[in-house]
Amino acid sequence: ELQLSTSNSFNALVMAVTLHKCIHARLWENSTYVAKQLDKIGLALSTTLVNAGLTDFSKLMDSNPRELELIMNRHPPFGNQIRDAVAKLPQYALSVEQSTPYSSHLAQLTVTVTLVNHVLLKESGSTAGPNHRAFCWWAMLIMQFASRRLMTFS
């Protein structure tokens, strides 16, 4: 659904979408306790991971499973389970392409949002929680133009 508006509500809309995301994740957007979103990880283990410098999903994914087990004082295959859970989170890629015929006041953009690991998620399911049922993911593009016009697409 594409909507175009002339209101100056860009900041309010961005804040509302961010708040919605935080409520569903049960975590503020700038929190370092991202591991708390995974099954089997509570506040204590998440704090342990933060103290070890593992503050985002890419760092968890790049970690050795045995190292994760040592950090969290857990037995194998707990580290593998954590890495598998991170691998099964939806991973998106965004690309923006500008068409060649453009001017100083007009441009045509093609915005593509791709679910990178859709095959893995389809085969083994997602660990993103109950709010992310199989292939019910969504994205919202919010843009504000120099003319203060607001465009949303979801």
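What's counted below: heavy atoms across the whole structure, side chains too, no hydrogens, waters or symmetry copies. Bear in mind that the values here come from a model prediction, so they are computed numbers and not experimental data.
Note that CG of Asp56 is 11.5 Å distant from OG of Ser31, once rounded to the nearest 0.5 Å. A distance of 9.5 Å separates CD1 of Ile82 from CD of Glu69, quoted to the nearest 0.5 Å. One distance of note links CD1 of Ile71 with CG of Leu45; it measures 11.0 Å at 0.5 Å rounding. Atom-to-atom distance recorded for Lys88:NZ and Leu121:CG is 9.0 Å, nearest 0.5 angstrom. With values rounded to the nearest 0.5 angstrom, Tyr33 atom OH is found 12.0 Å from Asn30 atom CG. The CD atom of Glu67 sits 7.5 Å away from atom CG of Leu54, with the distance rounded to the nearest 0.5 Å.
Side-chain atoms of Asn80 do not come within 3.5 Å of backbone N or O of Pro65 as any donor-acceptor pair.
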Exercise. For Tyr92 and Thr114, what are the C-alpha separation, side-chain angles and deciding distance, and is it a side-chain contact (heavy atoms from CB on, under 4.5 Å)?
Worked result: CA-CA 5 Å; Tyr92 297 95; Thr114 307; over 6 Å; no
Problem set entry | Test log, rule side-chain contact (heavy atoms from CB on, under 4.5 Å), inputs Gln91 and Phe57 | CA-CA 11 Å; Gln91 298 172 13; Phe57 290 128; over 6 Å; no
For this session: Run the numbers on Arg26 and Gln37 for side-chain contact (heavy atoms from CB on, under 4.5 Å), then give the verdict.
Result: CA-CA 8 Å; Arg26 295 183 174 158; Gln37 298 175 70; over 6 Å; no
For this session: Could you give me the CA-CA distance, side-chain angles and deciding distance for Gln98 and Gln108, then say whether side-chain contact (heavy atoms from CB on, under 4.5 Å) is met?
Result: CA-CA 6 Å; Gln98 182 174 336; Gln108 181 177 347; over 6 Å; no
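Looking only at side-chain heavy atoms (C-beta outward), Thr112 and Leu94 stay at 4.5 Å or farther from each other. At least one side-chain heavy atom of Trp28 sits under 4.5 Å from a side-chain heavy atom of Leu19. Using a 4.5 Å cut-off on side-chain heavy atoms (C-beta onward), Val34 and Leu49 make no contact.
When each of Thr55, Ile41, Leu68 is checked for a side chain to side chain contact (heavy atoms under 4.5 Å, CB included) with Leu60, only Leu68 meets the rule.
The shortest heavy-atom contact between Ala87 and Asn117 is O-ND2, 3.1 Å. Of all heavy-atom pairs spanning Thr48 and Met72, the tightest one is CG2-CA, 4.3 Å.
In the hydrophobic cluster analysis, where Ile, Leu, Val, Met, Phe, Trp and Tyr join through side-chain heavy atoms closer than 4.5 angstrom, Leu70 is grouped apart from Leu38. By the criterion of side-chain heavy atoms lying less than 4.5 angstrom apart, applied directly or through intervening Ile, Leu, Val, Met, Phe, Trp or Tyr residues, Ile23 is not grouped with Val17; the two fall into different hydrophobic clusters. Linking Ile, Leu, Val, Met, Phe, Trp and Tyr whenever their side-chain heavy atoms come within less than 4.5 Å puts Val50 and Leu27 in one cluster.
Counting heavy-atom neighbours within 6.0 Å of Asn73 CG, excluding the residue itself, gives a total of 12 or less.
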